[in-house]
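In what follows, a structure is listed as structure tokens, so that the remarks can point back to it.
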Amino acid sequence: MTEPLRIVFLWHMHQPYYKDPVKGEYALPWTYLHAVKDYYDMAAIVDATPGAKAVFNLVPSLLDQLLDYASGEATDPWLMRARMSPADMTEDDRRFVLENFFSANRQRFIEPHKRYLELLYQAGDGTKGSDRHRQFSDRDILDLQVWFLLAWTGEAARRRYPEIKELLRKGRNFSPGDKEALLARHVDILGEIIPLYRKIHDEGKAELAVSPYYHPILPLLCDMKSALAAMPRANLPAARFRHPEDARSQVARGIARFREIFGFSPVGMWPSEGSVSDEALSIIAGCGIKWVATDEDILARTLPGGLGPGKGRLYHPYTFLQGARELKMFFRDHQLSDLIGFTYSSWDTSRAVEDFMGRLRAIREQTPDARVVPVILDGENAWEYYPENGYGFLKRLYGTIASADGFELLTCSETLDREPERRVIERIHPGSWINADYGIWVGHPEENQAWDYLERAREAAVTSSPAVAERLAVGDDRGEVTDDNACLVCTSLYAAEGSDWFWWYGDDHFSAHSDRFDRLFRRHLMNVYRLLGLDVPRELFEPIKKTTPAGLVREPAALITPQVNGRVDDYFEWLAAGLFDLSKQASAMHAAESLFQSFFYGFDRKNLYFRLDSPARLTELLQPDDELHLNVVTGGEFRLDITPAATDGPLLRRGDGTWHATGSRGTWAIDRICEVAIPLAPLGLDPRGKLFASVTLTRGGEEFGRWPADAPLLLAYAGPELEIDNWMI
């Protein structure tokens, strides 16, 4: 009888270390909020679904934060204001609440609830720096506090606790007792998270795995020059960071902390960001880990000839062998993982699950020797885009696979127990889950500057403190150094090595909170100097992250060919595109000013591509008779009139004071976002040229909004040679 195709879900649970280890205060609340929304839900869904099975990868620094919140000892400015009585608030407290307590997915968390949406409009649709807080009564502030906490309460918790259901039903005019009851349930949820994960592990419903303690990019800790293997033209930091002892310590300490919390040693690991190299894997194996997982592109670049027809070589476990050290490896199916992470949230649940099953059946039929399909992705951030926080989708997905003939849900360790096949890899391509390199974390001037600051702080610590030098040199938990101050210094250094700070440096990503990530990274380094009684270098008081009031975030880095369907199907689809931040563009038309938050653009050899993002699904914000007008100026002035009801239209050119059809047509799609393609040929663009672009919205025959408000965006067009010039950072 043919063996079933094994399906492994690995959910990576991770937040950066938001806590200042010296001051003891949390800079951002996301660990708390994801705990009551996602960390509890994800385990509870597996626990409650017959046949469900998954691997949960838990980062030790996240576990520390969960325990801190569960104990009630966490100092969190957001939580402090959530607990505060409105009558006791200062103007700054009220302003803080209005500026931050709408930090929730608008479509799923705010708009379905009449009172929460009403409060958003009352606050000026989240406009910062205004005096709207003076228009909020104590009752309004209390309702906003409760709705912020309710919005971030997961679906499994809502179904479990009747008082939460009652608050959702009540909707407004909450009492102080209502808020206290909700906060009390949050305390219960926080206290149950780690025991629940241990329970489903003990019952065989889940396998628990671990990452290095503070989620660093291990290969870069081992040797910064490892980046050159995948990125030969990268500009590396001036100071070479080479501290494999730090990589070993991050792994060993992570395992030790996991064992302390759960009472057993993990055998599996998702290396932070799926980052691997020969040296990093050897260190992991030497610390007792039996299996790791990373991305399919790593395998494709490791194996001669790549993944083969139908990616058939992907669907097997492998053995990394280096001397006497052996480590099993799984490689994630990129497409299946991204469908869950980016696409299915906008689909009907039945259609999404059936599409996923169809793809599994295709793998089974087209690749008869396939053994295992690893589906690996972030375990907390996708669900805010799903109805019911992904509750219905996950239950149906688990249940459908578990009951389907020819398929079997297993953990990684169970798969290895049943799979005798031994495919050996003796050298691994160095890289991460993004582009099979480390370009997100090193190479940009901001990233390199951060690495240089980290190296200088580490050198200062080693030079000035023999206790710190001994502790760092040991590289694991077996050292006999007990100096508490040295321990805090090492904690600050290890925390600063985390991948998240470098994620937000550079121009690959942008966030409204990027300045706080920058500040927290520099604070970790400042702590090193202060704990050692050294003067803090003036450079650490200056932001690394360069910010502007509005405008260009980055220019295109490579040719792109996105699918024009109004959805973000894949993390990589627009990653290399140019990006403008529109969120702070001033506009006299206040009703429309927050409609668009970001503007992406890019090109291939045939088309220009544009993308407009909104805080909510664009189809729900636009009215049926609205028209968007994309204006492009090169040697001439061009316009594309975009309506929600159509998907293509003539590209117009201005001449003799009127608009004429060029004979070419543009295409577009409006769903969650607006995506547009315009043919390059009629624009007559020269390589390394410039063009200008702007968007206007007409409603009821009148102009309703314009982006940017003051002047068109100046866009760089590098031409088809872009990838030759910038194929590596």
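Quick caveat: nothing in here was measured; it's all calculated off a predicted structure. Note: hydrogens, waters and symmetry copies are ignored here, and every other heavy atom, side chains too, is used.
The two residues Tyr398 and Ala54 have their closest heavy-atom pair at OH-CB, 4.0 Å. In terms of heavy atoms, Ile189 sits closest to Val36 at CG2-CA, 4.0 Å. In terms of heavy atoms, Pro317 sits closest to Glu419 at CG-CG, 3.7 Å.
Contacts of Tyr344 classified as side chain to side chain donor-acceptor pair (under 3.5 Å), with partners at least two apart in sequence or in another chain: Asp355. Listed by chain and residue number, Asp223, Glu279 satisfy the salt bridge (charged side-chain N to carboxylate O under 4.0 Å, His left out) test with Arg242 (two or more places apart in sequence, or in another chain).
Ring geometry for Trp152 against His34 counts as perpendicular: the plane angle is over 60°, on a 0 to 90° scale with 30° as the lower cut. Relative ring orientation between Phe521 and Trp501 is described as tilted, the plane-to-plane angle lying within the 30° to 60° band. Note: Tyr318 and His316 have perpendicular aromatic rings, judged against thresholds of 30 and 60 degrees for the angle between ring planes. Trp503 and Trp441 have tilted rings, their planes meeting at an angle from 30° to 60° on a 0 to 90° scale.
In this structure, a donor-acceptor pair under 3.5 Å is present between the side chains of Ser249 and Tyr494. A donor-acceptor contact closer than 3.5 angstrom links the side chains of Gln15 and Glu380. Donor-acceptor pairing under 3.5 Å is recorded for the side chains of Tyr315 and Asp333. For the residue pair His14 / Asn57, no side-chain donor-acceptor distance below 3.5 Å is found, with atom types taken as modelled. With no hydrogens or angles considered, no side-chain donor-acceptor pair links Ser346 and Arg617 at under 3.5 Å. A donor atom on one side chain and an acceptor atom on the other are found under 3.5 Å apart for Tyr609 and Asp604. Side-chain contact check for Glu497 and Gln250: at least one donor-acceptor pair (N or O, by modelled atom type) lies under 3.5 Å.
Using a cutoff of 4.0 Å between basic side-chain nitrogens and carboxylate oxygens, Glu408 and Arg418 are scored as salt-bridged. Salt bridge Glu155/Arg160: absent, no basic N to carboxylate O contact under 4.0 Å. With respect to the salt-bridge test (charged N to carboxylate O, under 4.0 angstrom), the residues Glu260 and Arg253 do not qualify. For Lys53 and Glu414, the salt-bridge test passes: some basic side-chain N is under 4.0 Å from an acidic carboxylate O. Electrostatic pairing of Arg361 and Glu365 does not count as a salt bridge here, judged by no charged N lying under 4.0 Å from a carboxylate O. For the pair Arg611 and Asp671, the salt-bridge criterion is not met [side-chain N within less than 4.0 Å of a carboxylate O].
The main-chain N or O of Arg427 is never found under 3.5 Å from a side-chain atom of Gln322 such that the two would form a donor-acceptor pair. Formation of a donor-acceptor pair under 3.5 Å by the Ser211 side chain with backbone atoms of Trp270 is found in this model. In this structure, Asn389 contributes its side chain and Tyr391 its backbone to no donor-acceptor pair below 3.5 Å. A donor-acceptor contact shorter than 3.5 Å links the side chain of Ser226 to the backbone of Pro219. With hydrogens and angles disregarded, no donor-acceptor distance shorter than 3.5 Å links the side chain of Thr411 to the backbone of Glu207. Gln65 places a side-chain N or O within 3.5 Å of a backbone atom of Pro16 that can act as its donor or acceptor partner. With hydrogens and angles ignored, the 3.5 Å screen pairs a side-chain donor or acceptor of Glu675 with a backbone N or O of Gly566. Side-chain atoms of Ser275 come within 3.5 Å of backbone atoms of Ser272 as a donor-acceptor pair (strictly under, hydrogens ignored). At least one donor-acceptor pair under 3.5 Å links the side chain of Asp378 to the backbone N or O of Asn381. Judged by distance alone, the side chain of Asn435 and the main-chain N or O of Asp437 form no donor-acceptor pair under 3.5 Å.
Taking a 6.0 Å sphere around CZ of Arg325, one finds it holds more than 12 heavy atoms contributed by other residues, nucleotides or ligands. The local environment of CD in Glu354 is crowded, with over 12 non-hydrogen atoms from other residues, nucleotides or ligands closer than 6.0 Å. In this structure, Arg396 places its CZ atom where only 12 or fewer heavy-atom neighbours from other residues, nucleotides or ligands lie under 6.0 Å away. Residue Lys199 qualifies as enclosed at atom NZ: its count of foreign heavy atoms under 6.0 Å is above 12. The number of heavy atoms from other shown groups lying within 6.0 Å of OH (Tyr385) does not exceed 12.
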Using side-chain hydrogen bond (donor to acceptor under 3.5 Å, both in side chains), reason through Asp64 and Tyr213 one step at a time and then give a plain yes or no.
CA-CA 10 Å; Asp64 285 346; Tyr213 207 122; 2.5 Å; yes
| Thr153 and Arg158: CA distance, side-chain angles, deciding distance, side-chain hydrogen bond (donor to acceptor under 3.5 Å, both in side chains) verdict | CA-CA 7 Å; Thr153 303; Arg158 292 181 182 190; 5.6 Å; no
Q.
One pair to check against side chain to side chain contact (heavy atoms under 4.5 Å, CB included): Phe331 and Ile376. What are the steps and the verdict?
A. CA-CA 9 Å; Phe331 298 88; Ile376 305 172; over 6 Å; no
Chi angles and distances behind the salt bridge (charged side-chain N to carboxylate O under 4.0 Å, His left out) call for Asp246, Arg248: CA-CA 5 Å; Asp246 286 13; Arg248 187 177 300 106; over 6 Å; no
Verdict with supporting geometry, Trp433 and Glu273, side-chain hydrogen bond (donor to acceptor under 3.5 Å, both in side chains)
CA-CA 6 Å; Trp433 75 275; Glu273 311 292 0; 3.1 Å; yes
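Residues in residues 295-314 take part in these side chain to side chain donor-acceptor pair (under 3.5 Å) pairs, two or more places apart or across chains: Asp295-Arg332, Glu296-Lys311.
Trp11 pairs with exactly one of Tyr39, Trp383, Tyr197 by the ring pair (Phe, Tyr, Trp, His ring centres under 6.0 Å) rule, that one being Trp383.
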